[in-house]
Structures are given as structure tokens and as C-alpha cells.
There are 2 protein chains.
Amino acid sequence: MTGPRRRVLELLLGAGEPVKAYDLIARFGTDGQAAKPPTVYRALEFLERQGMVHRIASISAYVACTGGGPAHAAAFLICDCCGATQEVHPARGDSFALAAEAAGYVIERTTIEGHGRCPACRVAA
Amino acid sequence: MTGPRRRVLELLLGAGEPVKAYDLIARFGTDGQAAKPPTVYRALEFLERQGMVHRIASISAYVACTGGGPAHAAAFLICDCCGATQEVHPARGDSFALAAEAAGYVIERTTIEGHGRCPACRVAA
DNA sequence: ACTTGTGATGTTATCTCATAACACCATTGG
DNA sequence: CCAATGGTGTTATGAGATAACATCACAAGT
């Protein structure tokens with residue numbers, strides 16, 4: 001865990017919600033100086049390999065992991081209203097995994113993201 | 001169903017696998033002329049609304065729908081080896097949907113994509 | 001027929017997201 | 001000492017997507 005990696009993780013943990021890569025780039029320097037893109041992307045790549053950070057493909061954003069061991073699979077519930085995101089852990093042998101098996105596929109990595117409304121926004125609407 | 005929309009759908013059906021937006025743009029003109037990006041992106045947006053095309057977020061590509069009614073949810077099995085993609089339809093009440101419900105989220109749209117190896121590539125390896 | 005509204009298209013420009021390529025530096029193990 | 005490895009800094013560019021505005025076709029209302 002080196003300087004840039006620590007800094008990116010720190011920013012993600014501080015945000016507590018998904019952050020866009022270029023927002024991380026902009027906030028990278030403690031003095032307000034932006035980082036160069038590869039600095040942040042390389043840190044994200046590392047943190048993702050470690051399972052400390054996840055990429056949320058449907059919104060091209062990154063979020064610090066909450067729970068789960070090293071290099072684990074994760075699924076996300078994302079509120080389109082307020083941006084809140086919750087990490088959940090799909091059960092082994094769920095219907096998607098079964099469908100994959102039935103089709104003869106060996107799945108190594110999943111992207112599972114649900115968009116909708118969180119409890120708070122559901123009430124507010 | 002207008003000209004550009006028909007053309008984009010035709011390209012996707014002809015490909016039979018996920019195609020990148022800029023590949024569609026490049027192949028758009030029957031005379032080899034490329035389209036302008038908005039032409040293709042607007043067609044994709046329309047086709048996606050109709051449920052005739054799906055976007056695969058994890059690889060930023062688009063694929064013609066195989067089965068499923070209008071505006072249905074879909075999940076994908078993607079072979080990282082040969083690019084083959086299979087559309088599957090998650091059962092209602094699978095573990096992800098249950099997790100969402102338990103968390104109080106109302107999910108309107110899902111992105112479910114599994115990466116791995118198709119039967120053919122699994123044997124080949 | 002006029003005209004008004006709507007939805008589609010064409011076009012230019014730009015924005016966002018991500019990576020290639022190369023130079024440099026530190027650590028480690030032969 | 002000196003490769004080999006892995007991390008970082010920097011420049012530049014590639015890839016994905018959309019904003020904004022002009023134009024066009026068509027149907028509905030008067």
C-alpha cells in the first residue's frame with residue numbers, strides 16, 4: 001500500500017458512495033492539485049485486484065468495499081435519486097449462477113447492479 | 001422504425017454478438033461511409049427502450065435481443081475468450097431481487113453480466 | 001390552406017472515461 | 001555490482017458518449 005493507492009482509497013472511504021474517476025483525479029492532491037489520470041487509474045486497478053474497491057460499470061464509478069473478504073464478488077443496489085449505494089453479496093447458487101451452469105459457462109467475474117430507489121427516496125417521492 | 005434505427009438493428013442482428021458503438025458507427029454506411037456518433041447513439045437509445053437491443057455495461061457494447069418481450073430485463077453470459085454472449089432471463093425472486101427487497105430498495109433496472117468461458121472455449125483450453 | 005406541435009434527423013463541437021508509451025526510481029536477489 | 005521487477009511521473013492519445021442547435025416530415029386543430 002503506497003502513497004497514491006492510500007490516497008485513492010482514503011478518498012473513496014471518505015465519500016462513502018460511488019465516485020467518478022475524474023472526481024478522484026480532481027480531489028487527489030491535498031493542496032487542490034489534480035493528479036494525472038494514470039495515477040488514479042493505476043491505484044484503482046490495484047485496489048480492485050485486492051477487493052478493496054469495486055467498479056460500478058453501469059455508472060462508471062468506483063466505490064470502497066464494505067465487507068467481504070479479499071477479491072470477493074459483490075452486487076450493488078444503487079439509488080438513482082440520491083446516489084446511495086449498498087453492497088450486497090449474492091448467495092451462491094442463485095438463479096443467475098444456475099443459468100450460467102445450465103448454459104455450460106464457467107463464470108469468473110460478475111457485474112450485478114440494480115438501479116432504483118432507496119428506502120428514504122421511496123418515501124420522499 | 002425509421003432508416004437509421006433499422007440500419008443499426010440490422011448491423012446488430014448480423015453480428016450476432018456484442019458490438020461496440022464506434023464499430024456500428026464505422027459500419028453504418030452501406031458504402032463504407034461512417035455515421036456521426038449521435039445518429040447511432042440515438043438509434044441505440046430507441047432500440048433499447050423497445051427492448052430490441054441491450055447494452056452490456058461491463059464491455060461498453062450493444063447486442064440485439066434474443067427472446068424476451070418488450071422492455072424486459074435481461075442478464076448475460078459473456079465469454080472473455082471468444083466474445084460469444086448468451087442472453088438469459090433471471091427468474092423472478094432470485095437471491096439478488098430478495099436482497100434488494102430486504103434492503104428496502106425498489107429496483108427498476110438491472111445490469112447482470114457474468115464473464116468467463118463458454119463451453120467451447122472451456123474445452124479448447 | 002395555415003400553423004402549431006411533436007418527434008426524427010443532420011451536423012458541429014465537446015465532454016467524459018480510460019489507456020498506451022516511455023522515462024525514471026527503489027527494492028531485491030543473484 | 002547489476003539485472004529484474006514493480007511502482008511512479010508525464011505526455012499524449014484513444015475510446016465512449018452527449019450537448020446544442022438547425023432542419024425536416026408529419027399529423028392535429030382551426
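By convention in this document, chain letters (A, B, ...) are assigned in the order of the sequence lines, proteins followed by strands, and residues within each chain are numbered from 1. Values below: all heavy atoms of this structure, side chains included; hydrogens, waters and symmetry mates excluded.
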Contact under 4.0 Å: A:Arg55 side-chain N or O vs C:dA18 OP1/OP2: yes
Taking atom P of D:dG16 as reference, at what distance in whole Å does atom NZ of A:Lys20 sit? 16 Å
Please check the phosphate of C:dT9 (OP1 and OP2 only) for any side-chain N or O of B:Arg5 closer than 4.0 Å. yes
Whole angstrom value for the distance that separates C1' of D:dG7 from CZ of A:Phe46: 10 Å
Reading DNA chain D from 5' onward, which residue's closest nucleotide shows up sooner: B:Ile59 or B:Arg42? B:Ile59
Interatomic distance, A:Leu44 CG vs C:dT19 P [rounded to whole Å]: 10 Å
Answer yes or no: is there a side-chain heavy-atom contact under 4.5 Å between A:His54 and A:Phe76? yes
Would you indicate, yes or no, if D:dA17 has its OP1 or OP2 atom less than 4.0 angstrom from a side-chain nitrogen or oxygen of B:Tyr62? yes
Measure from the side chain of A:Ser60, starting at C-beta and using heavy atoms only, and say which of D:dG16, C:dA18, D:dA17 lies closest. C:dA18
Just compare D:dG9, C:dC17, C:dG10 and give me whichever is closest to any side-chain atom of A:Pro4. D:dG9
Tell me the interatomic distance from A:Ile25, atom CD1, to C:dA18, atom C1', rounded to whole angstroms. 9 Å
Could you state the atom-to-atom distance from CD1 of B:Ile56 to C1' of D:dA17 in whole Å? 18 Å
B:Glu101 atom CD, neighbour heavy-atom count above 12 within 6.0 Å: no
I want to check one thing: is the phosphate of C:dA18, taken as OP1 and OP2, less than 4.0 Å away from some side-chain N or O of A:Tyr41? yes
Quickly work out the A:Met1 CE to D:dT8 P distance and round it to whole Å. 10 Å
Keeping the roles fixed (side chain from A:Arg122, backbone from B:Gly104), state whether a donor-acceptor pair exists under 3.5 Å. yes
Can a donor-acceptor pair be found, under 3.5 Å and without considering hydrogens, that links the side chain of B:Glu113 to the backbone of B:Ser58? yes
How many Å lie between CZ on B:Arg6 and P on C:dT9, as a whole number? 11 Å
When the distance from CD of A:Glu48 to C1' of C:dT19 is rounded to whole Å, what number comes out? 15 Å
Closest nucleotide among C:dA8, D:dG9, D:dT11 to the A:Lys36 side chain: D:dT11
Between A:Arg42 and A:Glu45, is there a side-chain N and carboxylate O pair less than 4.0 Å apart? no
Of B:Pro38 and A:Pro37, whose closest DNA chain D nucleotide lies nearer the 5' terminus? A:Pro37
Among D:dA17, C:dA18, D:dT8, find the nucleotide with the atom closest to the side chain of A:Thr2. D:dT8
